[in-house]
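We count ligands from 1, going down the list as the structure has it; atoms in each ligand are counted the same way. Values reported hereafter were calculated over all heavy atoms of this structure, with side chains retained and with hydrogens, waters and symmetry mates removed.
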Amino acid sequence: MNYFQYIGNELFAEQVPIQEIASQVGTPAYIYSYQTLKRHFTAHDSAFGNIDHLTCFAVKANSNLAILELLGKLGAGADIVSGGELFRALKAGISPKKIVFAGVGKTQQEMEYALESEILMFNVESWQELEVLNEVAGKCGKVAPVALRVNPDISSETHPYITTGLKESKFGIDIHSALESYKKARSLKNINTIGTHVHIGSQITKVSPFVDSLERISGLIQKLRQEDIPIRYFDIGGGLGITYKDEAPPSPQEFFKALSPTLQGMDLSIISEPGRVIVGNAGALITKVLYVKKKEEKNFLIVDAGMNDIMRPSLYKAYHELLPVFIEKRQNILADIVGPICESGDFLARDRELQELFSGELIATMSAGAYGFTMSSNYNSRPRVPEVLVKGDKFRIIRERETYEDLIRGEIIPNF
Ligand code: LLP
């Protein structure tokens, strides 16, 4: 459930008409609902009940400072994958003691930054990375707290670009050599292995891949204990899916209920890294119809948002519901909803049935709160669009629309 709904024939974000926001900030624009964010975070966080846990929001899903700040105030930590994300999380007031750092390609500079910031732990993805981290920690006079990211060799049945738990993926350390890696890690002076991390993919709509992977990892944790390698944190990653169209993912309660037999009694602190499930359905991208082009083969609605503003349809053929901001008594048409970018792959939807729309009318691209703005770019030299947060009957711009000057910031014409 989210707080985007029709009142009469008009689409609202909480109590604010979307039309009103669009007329003040222009289009395209991302709009987020505070109540939805709060509700999703609270539902997820409280599903763990009295198990010792920390919910680290996956910053890559939505990294706007205002959103990080509001989640932080609700108790969230952060799952980061770069120095830039660390910078954002700290700026938003999230305690470094609630920050976990994943990613296969951490640079030495990023490691240093995270060590100096005293984050909770590094989720290390390879033996080589561990050696480098050991060295960097030595130079900084620190001991790096580490969880090894273990790859359980599980298929998560999602889009191939966002499945990560298979043996052939670039992520993590193979489960079969994990025990060996932990033993070797013990010999590194500046490394303290305190956890195990697993993340098998994204937009997973069934509980079984999660249950299977946690079972495998809990077997490993038992073995580690037998070898006197004590683990305090079990980071179970993110990946819980949402409803874009007709998917029926488990609720946070159902999700936790399925995992709980494995997690209860392990005497571990559980970390989770949800991204999409918190922000996905809390955001919409508002776009305006520029032109209606009727060709013999097809109808095209040419809108002012392109693949640079929302990449998911082009990159994954992802489905996003498109809602007219005003429902009118008109016939439905079948159309491709396309952007202004000079590529045929630039579309929000193909062969979509929706109410006939005319130039100047608004469409809300739903479920755009996760991996929407964060994956946007300046391709075709298009300034990135503003982000707006709605709370009750108020709304505020939380990121301004970029200007042409922003586009060329830092560019230099050399004098040779
Ligand atoms: N933890 C780790 C280590 C991750 O790699 C990810 C996502 C998450 C947590 C959060 O996953 P979530 O709960 O959001 O599923 N751009 C793609 C999704 C890429 C996900 C990458 N990793 C999309 O638009 O569908």
Side-chain angles (χ1 to χ4, degrees), residues 37 40-41 43-45 47 54-63 67 71 76-82 85 89 99-106 121-126 129 147-152 156-166 169-173 195-206 209-210 213 217 233-245 247 249-250 252 255 270-283 285 307 309-320 348 365 367-377:
L37 287 163
H40 289 178
F41 178 81
H44 194 90
D45 196 49
L54 173 65
T55 305
C56 290
F57 173 66
V59 174
K60 64 176 85 63
N62 191 315
S63 56
I67 290 187
L71 293 175
D79 155 44
I80 59 159
V81 288
S82 69
E85 287 190 353
I99 296 180
V100 293
F101 189 178
V104 291
K106 302 176 192 80
M121 67 188 187
F122 292 82
N123 290 336
V124 169
E125 306 232 9
S126 68
E129 181 192 335
L148 293 188
R149 175 168 179 178
V150 176
N151 187 327
S156 51
E157 292 169 40
T158 183
H159 190 285
Y161 284 10
I162 53 178
T163 186
T164 56
L166 282 172
S169 101
K170 70 174 177 181
F171 297 100
I173 292 169
T196 302
H197 174 225
V198 64
H199 171 80
I200 53 172
S202 197
Q203 184 52 16
I204 301 168
T205 51
K206 290 188 201 143
F210 291 106
S213 88
I217 305 287
Y233 295 98
F234 186 4
D235 183 340
I236 63 172
L240 189 56
I242 62 170
T243 304
Y244 284 99
K245 188 181 184 187
E247 304 90 333
F255 174 67
I270 305 301
I271 295 173
S272 67
E273 303 174 338
R276 190 187 318 262
V277 72
I278 308 289
V279 284
N281 281 324
L285 172 66
M307 65 191 279
D309 302 308
I310 182 159
M311 206 178 169
R312 304 193 71 258
S314 301
L315 187 59
Y316 313 116
K317 296 204 171 70
Y319 179 98
H320 285 265
L348 299 189
T365 313
S367 312
Y371 308 106
F373 185 87
T374 52
M375 289 175 75
S376 68
S377 77

What one should report as the nearest heavy-atom pair of Val277 and His40 is O-ND1, 3.3 Å

Residue-level breakdown please: for Asp79 versus ligand 1, do any non-hydrogen atoms fall below 4.0 Å on the side chain, on the backbone, on both, or on neither?
side chain

At less than 4.0 angstrom from any non-hydrogen atom of Gly275, what atoms of ligand 1 do you find?
12 (P), 13 (O), 14 (O)

Is it true that Gly239 lies under 4.0 Å from ligand 1, counting heavy atoms only?
yes

Enumerate the atoms of ligand 1 whose separation from the nearest heavy atom of Glu273 is less than 4.0 angstrom.
1 (N), 2 (C), 3 (C), 8 (C), 9 (C), 10 (C), 13 (O)

Nearest 0.5 Å please: distance from the CG atom of Leu348 over to the OG atom of Ser314.
8.0 Å

Can Asp79 and Lys60 be counted as an ion pair, charged N to O under 4.0 angstrom?
yes

So which heavy atom on Ala370 is nearest to which on Arg276, and how close?
CB-CA, 3.7 Å

For Phe210 and Ile200, which heavy atoms make the closest approach, and how far apart are they?
N-CD1, 4.0 Å

Cys56 vs Ile99 side-chain heavy atoms within contact, under 4.5 Å:
no

Assess Lys106 against Phe122: is NZ or CZ under 6.0 Å from the centre of the six-membered ring, and within 45 degrees of the ring's axis?
no

Check His44 against Pro252 and note the closest heavy-atom contact, atom names and distance.
CA-CB, 3.9 Å

Taking only non-hydrogen atoms of Arg276 and a 4.0 Å limit, the atoms of ligand 1 in range are 12 (P), 13 (O), 14 (O), 18 (C), 23 (C), 25 (O)

May I ask you to identify, for Arg312, whether its side chain, its backbone, both or neither come under 4.0 Å of ligand 1 on a heavy-atom basis?
side chain

Please verify whether a non-hydrogen atom of Pro274 lies at under 4.0 Å from ligand 1.
yes

List the atom of Ile278, the atom of Leu37, and the distance in Å for their closest heavy-atom pair.
O-CD2, 3.9 Å

Would Phe171 count as a contact of ligand 1 if the rule is a heavy atom under 4.0 Å away?
no

Ligand 1 atoms in contact with Gly238 (distance to a heavy atom under 4.0 Å)
9 (C), 13 (O)

If we only consider heavy atoms of Met311, is any one of them less than 4.0 Å away from an atom in ligand 1?
no

For Met375, take its heavy atoms, then give the atoms of ligand 1 lying under 4.0 Å from any of them.
16 (N), 24 (O)

Which of the numbered atoms in ligand 1 are below 4.0 angstrom from a heavy atom of Tyr316?
16 (N), 17 (C), 23 (C), 24 (O), 25 (O)

Report yes if some N/O of His197 lies less than 3.5 Å from some N/O of ligand 1; otherwise report no.
no

